[in-house]
*Asks:* 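Sharing a structure, written as structure tokens. Questions coming.
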Amino acid sequence: MGELTVAVFIALVELFKKSLGLPVRYAPLVSVLLGVPVGILYLDVDLKTGIVYGLIIGLSACGLYSGAKSITK
């Protein structure tokens, strides 16, 4: 499930960047801000664990995107 969630976050952040004109420097912040509520509400864990999972998902999405971007360039 984690890989799918990270892929969805990458797509959402790209959507924010292209559709809403989100500056690239704010992409990691948006990814983390989306990840924490998802970790808390979507995953069936306690509050602290949900926050940590949300941070991990959001930060993984930014890192995975920037890593893939640097490989393709």
*Asks:* To the nearest 0.5 Å, what is the distance between CG on Asp46 and OH on Tyr53?
*Replies:*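 With rounding to 0.5 Å, CG (Asp46) is 9.0 Å from OH (Tyr53).
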*Asks:* Enumerate, atom names and distances included, each donor-acceptor pair closer than 3.5 Å involving a side-chain atom of residues 19-34, sequence neighbours excluded.
*Replies:*
from	atom 1	to	atom 2	distance (Å)
Ser19	OG	Leu15	O	3.3
Ser31	OG	Gly58	O	2.7

*Asks:* Could you give the distance from CG (Leu47) to CG (Leu41), rounded to the nearest 0.5 Å?
*Replies:*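 Leu47 atom CG to Leu41 atom CG measures 9.5 Å (nearest 0.5 Å).
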*Asks:* Excluding sequence neighbours, so at least two apart, what forms side chain to side chain donor-acceptor pair (under 3.5 Å) with Asp44?
*Replies:*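 Scan of Asp44 (side chain to side chain donor-acceptor pair (under 3.5 Å), adjacent residues dropped) gives none.
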*Asks:* Which residues satisfy the salt bridge (charged side-chain N to carboxylate O under 4.0 Å, His left out) test with Lys18, sequence neighbours excluded?
*Replies:*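 For Lys18, the residues satisfying salt bridge (charged side-chain N to carboxylate O under 4.0 Å, His left out) (neighbours in sequence not counted) are Glu14.
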*Asks:* With a 4.5 Å cut-off on side-chain heavy atoms, are Phe9 and Val38 touching?
*Replies:*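 The answer is yes, as the side chains (C-beta and beyond) meet within the 4.5 Å cut-off.
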*Asks:* Scan Leu12, Ile10, Thr5 and name whichever one has a side-chain contact (heavy atoms from CB on, under 4.5 Å) with Val8.
*Replies:*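 That would be Leu12.
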